[in-house]
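Step one of this worksheet: look at the structure below.
Start at 1 with the first residue, then count along the sequence.
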Amino acid sequence: MSDEKPTRRDILRPLHLLGIALACGVFAMIVTLVSTGAFTARVNTAIANGSYEGLTPVMLGLVVGGGAFIVTLLMLSMLILAVDPADVAKTVDRPVLYDPEPASDGDNAAGDSTTGDDRTDRTE
């Protein structure tokens, strides 16, 4: 066991993930409410009269918002699992998708290709 205590930032990371997922869920709910016309008089009078068929816009908004919350939370937690904790503290000085830098010998620092190249043209 290590004697290092987790920082406040490490402790609050799950709360940040929940906050981001909640914000995405609320956004999806608001978009659903606006797009289904939940704030229009025609829809509200149809609901009040009992002639509105199907799921009401408020219930549909809750279902869509809850689904967006769950999907966002799962995606964020999977992305967090994909990161190696040792790589978080490293500084990245070059683009990530480039090939690894070859070991510099000093005599091949100018970039000449006198050493063997694996990509030779083979036309036989």
Side-chain angles (χ1 to χ4, degrees):
M1 285 258 171
S2 66
D3 292 332
E4 293 181 18
K5 296 194 179 212
T7 62
R8 183 181 298 241
R9 186 176 191 172
D10 293 335
I11 293 172
L12 292 179
R13 182 173 292 161
L15 189 61
H16 292 157
L17 293 176
L18 284 174
I20 293 170
L22 182 67
C24 289
V26 168
F27 177 75
M29 184 178 74
I30 290 173
V31 168
T32 304
L33 288 175
V34 169
S35 64
T36 55
F39 305 113
T40 60
R42 182 177 61 88
V43 171
N44 286 333
T45 55
I47 292 171
N49 293 337
S51 61
Y52 192 86
E53 294 183 15
L55 203 57
T56 62
V58 174
M59 293 304 291
L60 182 64
L62 288 173
V63 168
V64 169
F69 171 76
I70 291 170
V71 168
T72 305
L73 189 61
L74 286 175
M75 286 177 50
L76 286 175
S77 60
M78 288 302 214
L79 287 173
I80 290 293
L81 285 175
V83 175
D84 185 19
D87 290 341
V88 173
K90 290 182 187 175
T91 57
V92 179
D93 295 336
R94 55 190 308 270
V96 178
L97 296 178
Y98 280 2
D99 291 331
E101 291 181 348
S104 60
D105 296 334
D107 57 350
N108 197 9
D112 56 7
S113 60
T114 57
T115 60
D117 189 8
D118 292 338
R119 296 174 287 166
T120 57
D121 185 30
R122 297 181 185 195
T123 54
E124 294 180 27

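Each of L15 and L79 belongs to its own hydrophobic cluster when Ile, Leu, Val, Met, Phe, Trp and Tyr are linked at side-chain heavy-atom distances under 4.5 angstrom. V31 and M29 are members of different hydrophobic clusters when ILVMFWY side chains are connected at heavy-atom separations under 4.5 Å.
Summarising the geometry of V43 relative to P57, their closest heavy-atom pair is CG1-CG, 3.8 Å, with the distance given to 0.1 Å.
Across T56, L60, V58, L55, a single residue satisfies side-chain contact (heavy atoms from CB on, under 4.5 Å) together with T36, and that is L60.
The hydrophobic cluster analysis finds Y98 isolated: no Ile, Leu, Val, Met, Phe, Trp or Tyr side chain comes under 4.5 Å of it, directly or through other members.
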Could you pull out all donor-acceptor pairs under 3.5 Å where a side-chain atom in residues 64-78 meets a protein atom, sequence neighbours excluded?
residue	atom	partner	partner atom	Å
T72	OG1	A68	O	2.7
S77	OG	L73	O	3.0
S77	OG	L74	O	2.9

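Atom CZ in R42 sits 10.5 Å away from atom CD1 in I47 (nearest 0.5 Å).
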